[in-house]
Visitor: 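Pasting a structure below so you can have a look.
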Amino acid sequence: MKGQIPPRRHILTLLVENQVGVLARIAGLIAAKGYNIDSVSVGETMDASVSRVTLVVHGDDWVMEQVLKQLNRLIEVIKVVDLTEEEFIEREMILVRVNADPPNRAEIFRIADIFRAKVVDLTHRTYTLEATGDEDKIQALLELLRPFGIKELVRTGLIAIGRVSKTPSSKLERVAGGDGEEGAKKSPAVAT
Amino acid sequence: MKITGAEILLKSLVEEGVTTIFGHPGGVILHGTDPPGDHPIKYILCRHEQVATHAAEGYYKATGRTGTVMVSSGSGVTNCVTALTDALVDSMAIVVLTGQLPAVMGWDASQEADVVGTARGCTKHSFVVFKTEEIPRIIKEAYFIARSGRPGPVLVDLPEAVMADCVAYTGHPKSVAIRGYNPQMAGHPGQIKRAAELIAQARRPVIYGGGGIIHADASEELHELVEITQIPTTLTLMGLGALPTSHPLWLGMLGMHGLYWANRCLIDADLIVAIGSRFDDRVTGKACDFGTQCKIIHVDIDPTSIQKHVKVDVPIVGDVRCVLRELNKELRKVERNWARDFEEWHGQIEAWKKQHPLRYEQRQGVIKPQYAIDMILRLTEEYDPIIATGVGQHQVWAAQFYRGRKPRRWLSSGGLGTMGYGFPAALGAQAAFPKGLVLNIDGDGGSQVTLSELSTLVDYKLPVKTFIINNRCLGMVRQWHQRVSTHQPLPAGPMHQPDFVKLAEAYGAVGIRIERPEDVKAGIEKAINTPGPVVVDVVVEREENCLPAIPAGAAITDIVRAPAPTPDKSSQAWH
Ligand SMILES: Cc1ncc(C[n+]2csc(CCOP(=O)(O)OP(=O)(O)O)c2C)c(N)n1
Ligand SMILES: [Mg+2]
C-alpha cells in the first residue's frame, strides 16, 4: 500500500504541553520515519501551558497518516491537525539582506514595493528587507532578488491557521483556550 | 512533617500497589534502594540492568500487574535500553526508575548519560522529576500510562537532589488527568455492527489474535466469540494461551514458523478477524500479498497499528475486551447455524492437518530437539507451568508444540526477538509466583547472554527449571545461512560451550545432563522434582531445522514445508 501516492507538502499544526523535551520527541518521531522537516515554528498559545507547533513536511499520504497517528500517540501532544486537508491561511516572514549597489537600488526598491516588503536596514552596499507572505509569494520575491546577490536569508518558518468555517481548527482553538470560545478542553483520561 | 524524596517515592510506590522491585544499585540511586523505615516492598537485586528490566516484563506478563525496576544513572540506564525496546514492541507495562546526578544536567559529570534522550526511542513515555513535590503525581501518571491503552514501558528519571530534598508529603493523588492522553476504550458501535454483519456472512472466516488479547485480559471474551461463531482461531507468538490449546477450533501459531494449516487458513479465508494483533511482517510475509482476496476486520487499542501494513475493511479502535463483549452481544442475535455452515471449511482444515502434520522423527542415538521440547511440555502440562523461552529454534519449537491452556503463562520475546530473555523473564514470573512451576526453555547461545542470573535465582531461592536445548550453535542463524547463503557465511557455530552442569553447580544450583533419547523422560522428571533452581543441559542434534518456514520477505504462499517422513522402524512420530 505504501508509495502509491506521490509525496506532497503537509502543514501540521499541533497543540502540545509547554514542557521540556516535547519538540525533541516530535522531531525524533518524524526523523524516525525518514522525513526531513522543511520548517518548524513554535509559540505559546493564549494558555501559557500550551504551545502551538507548526510543521511543514513533505510525504505521501499513506505515511503521513501514520505520522499523524503517531504524533497523536505522544502523551504531551494534545491535538494534531493536518491543515492541508482543509482551507487555511499560511504566512511566513523573512529577513533578507541583498546586494544593493547604487545602480540597482531603485530596482530593488521597486520589487520590495510590489511585494509589500519593507526596507528595515541599509548600508552603502546592501538593503535588508522584511517580507511576509505565503510560500509562493516568498519564493517569487527571492527569485527576483537572487540576480542582485542574496547575502543572507533568515526565515521564520511557516505558520498557518484554518479558516473559520472548518470545524477542526475551531475545535483546536477551543483546546488552546482561545479568547471568546467556550474553552472546552479535550476530556482528559481519568483514573482513580 | 517533612520527609525525603526517597521516602515519598517509596510511599508513592506502595500506594500504586508495588510489591516487588527488580534492580541493580549505584551511587546516585542509593537514596532509593536504601530508604529508611518499614515497607512491604521486596527488592530483588539482579546482576545486570537489562535482566532487571526483562524480569519486570516477565513479572508483568505473568501477573498483569505493572513491573517495577530501579537502576542507577549512566551505564545503569543505558544497560536497560535493549529491554526497554523489547517492552515497547511487545507492549509490556513496566516502570523504570532511574537515578540521575544532582539536579543540574548536561555537564558530562561522572556516570551521566542523556537519559531522557536515550529513553525517547525506547519508551512509551518518560519523565524527569525536577522537584521533590512532583514525585507523587509523576509516579501516579507513570503507572497509569504504563498500564492503560496499549501498555508499554515508562521511565522516570530521579535526580539525586530530588531524592534527598525534604518536603511535606501531602498524600497520593486520587486521579490522573492528562489532557493529551485519552485511550479509547469502547469501540465504535456502528463499526462493531458492521463487523458482526461481515462475520454473519462469512463462509471461510478465521480469527487471527495477538498479544493484545492477553494484555486486555480478554481471553474469556475470545473464547466466547469462538464458541458462538465456531470460527477457527490462530494466535501469534505473543498471543499464545489466549485460547486453550486443547480447544477443537485451535489452529496453532501462525507466521514465519507457524503451522502450515494456520497460515493456509489466512490465505484461503474470505474474512480475517484480527484481534489485538498488528500484522507484523513475521506474520504477513510480504504485506502487499496479504489479505488481498478477503475482507479484514481489525480490533486494536492502538490506532497506529491499524492500516499500517494492510488495508482493513472494518477498523475498530478500542480495548479488545470492551469491543469483544459488544461484538459477542451482536453475534448472539444472529440466527445462523454456524457449525453447519462452516462444516466444509472445518473439513478443509482437517484435511490440511492430515496432509502436512507437524511432525518429527526421534530415532535411536541423538536426541531431536523437537522431541526434547515436546516431552518437556507434555510432562509438565499437569502443573500448568509458566514457560519462558529464549530466541531461536528452541523458541519456535516450544511455540509449535505449546500445550498451555491459560493466558499469562507464556513469556517469549516477539517483536524484538531478544536473545537472553528466557532467564530474566522466568525469574520475574517466579518472583511473582514463588510456588508455581516456572520453566525456561532456552538455547545454548541465548542462555549465555544472561546466565549471570543463576546467581539471582540462587540468592532468592527462586526454583526456575531451565532447559538448555544445546545444539552447540546459534541454531536459527545456522538454519537461515544454510538456506540463503551462496558463500561461506559468518560462523554461527560450532561454538565452544561451557560445561553447563558444572556451571550450574558453581553458581550453587543443580545441574543435570541428558544425552540419550531414552533418558529424556527421566531427566525431565528429575529436574521438576528437584527443589531450587535447576539447569538441564539437553544435548541435541545439531543440524535440525525449524519447519514449516516462510522465508523472510516472501509471501505466505511460499511456505516451506517439512519433508515427507522417511520410513524407519525405529522412528517414533508425534503428531
Ligand atoms: C540479542 C540478539 N542478538 C542476535 C540475535 C539474532 N539471533 C536470532 S536467533 C539466534 C541464535 C540463537 O541461538 P541459541 O540461543 O543457541 O538458540 P537456537 O536457535 O540454537 O535454538 C541469533 C544469534 C538475536 N535474536 N538477539
Ligand atoms: Mg543453540
Side-chain angles (χ1 to χ4, degrees), chain A residues 1-5 14-33 45 47 49-53 60-81 171-172 174-177 183-192, chain B residues 16 88 105-106 114-128 130 140-150 152 154 157 172-185 279 287-292 300-312 315 317:
Chain A
M1 286 182 71
K2 283 174 205 160
Q4 288 167 1
I5 315 126
L14 289 79
L15 291 172
V16 305
E17 299 288 347
N18 187 1
Q19 274 169 14
V20 181
V22 179
L23 200 57
R25 272 188 219 278
I26 293 169
L29 194 154
I30 292 176
K33 294 269 153 197
T45 62
D47 174 349
S49 72
V50 178
S51 296
R52 182 189 297 276
V53 179
D60 72 40
D61 290 10
W62 172 252
V63 185
M64 283 316 294
E65 188 187 325
Q66 270 298 313
V67 168
L68 280 176
K69 283 180 178 175
Q70 299 223 5
L71 284 171
N72 248 318
R73 192 157 75 164
L74 295 179
I75 309 284
E76 289 132 331
V77 170
I78 303 165
K79 180 117 192 143
V80 189
V81 172
K171 247 193 255 152
L172 200 66
R174 280 206 294 280
V175 183
K185 304 219 161 167
K186 172 174 161 188
S187 59
V190 175
T192 47
Chain B
E16 285 300 318
L88 183 67
M105 288 178 248
D114 173 11
V115 172
V116 175
T118 305
R120 207 179 294 131
C122 58
T123 56
K124 181 174 175 185
H125 193 57
S126 58
F127 293 92
V128 186
F130 288 105
K140 178 93 192 168
E141 292 185 359
Y143 279 84
F144 175 58
I145 291 170
R147 186 66 188 93
S148 57
R150 177 174 174 182
V154 175
D157 200 28
H172 202 59
K174 294 272 179 294
S175 61
V176 179
I178 310 168
R179 55 188 163 183
Y181 180 66
N182 192 7
Q184 189 177 335
M185 295 299 280
F279 292 93
C288 55
D289 290 359
F290 192 81
T292 42
D300 204 289
I301 187 115
D302 178 11
T304 64
S305 289
I306 293 180
Q307 307 268 33
K308 180 154 64 181
H309 299 300
V310 297
K311 198 155 157 26
V312 171
V317 176

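Quick note: numbers below take in every heavy atom, side chains included, and nothing from hydrogens, waters or symmetry partners. Residue numbers begin at 1 in each chain, while the letters A, B, ... track the order of the sequences.
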Visitor: Quick one: CZ on B/Phe127 to CD on A/Gln19, what's the gap to the nearest 0.5 Å?
Guide: 8.5 Å
Visitor: If I take atom CD1 from residue A/Ile75 and atom CD1 from residue B/Ile145, how far apart are they, to the nearest 0.5 angstrom?
Guide: 4.0 Å
Visitor: Report the distance from atom CG of A/Asn72 to atom CG of B/Asn182, rounding to the nearest 0.5 Å.
Guide: 11.0 Å
Visitor: Charged N to carboxylate O below 4.0 Å: is that the case for A/Arg73 and B/Asp302?
Guide: yes
Visitor: If you compare all heavy atoms of B/Arg179 against all heavy atoms of A/Ser49, which two are closest, and at what distance to 0.1 Å?
Guide: NH2-OG, 2.7 Å
Visitor: Tell me which pairs pass salt bridge (charged side-chain N to carboxylate O under 4.0 Å, His left out) where either residue lies in residues 117-127 of chain B, with sequence neighbours left out.
Guide: none
Visitor: Heavy-atom distance under 4.5 Å to chain B: side chain of A/Leu74, backbone, both or neither?
Guide: backbone
Visitor: Can you tell me if A/Lys69 uses its side chain to pair, donor with acceptor, with the backbone of B/Ile306 under 3.5 Å?
Guide: yes
Visitor: Counting only heavy atoms closer than 4.5 Å, note whether B/Ser126 contacts chain A via side chain, backbone, both or neither.
Guide: both
Visitor: Under a 4.5 Å cutoff for heavy-atom pairs, which residue among A/Gln66, A/Gln70, A/Glu65 has the most contacts with chain B?
Guide: A/Gln66
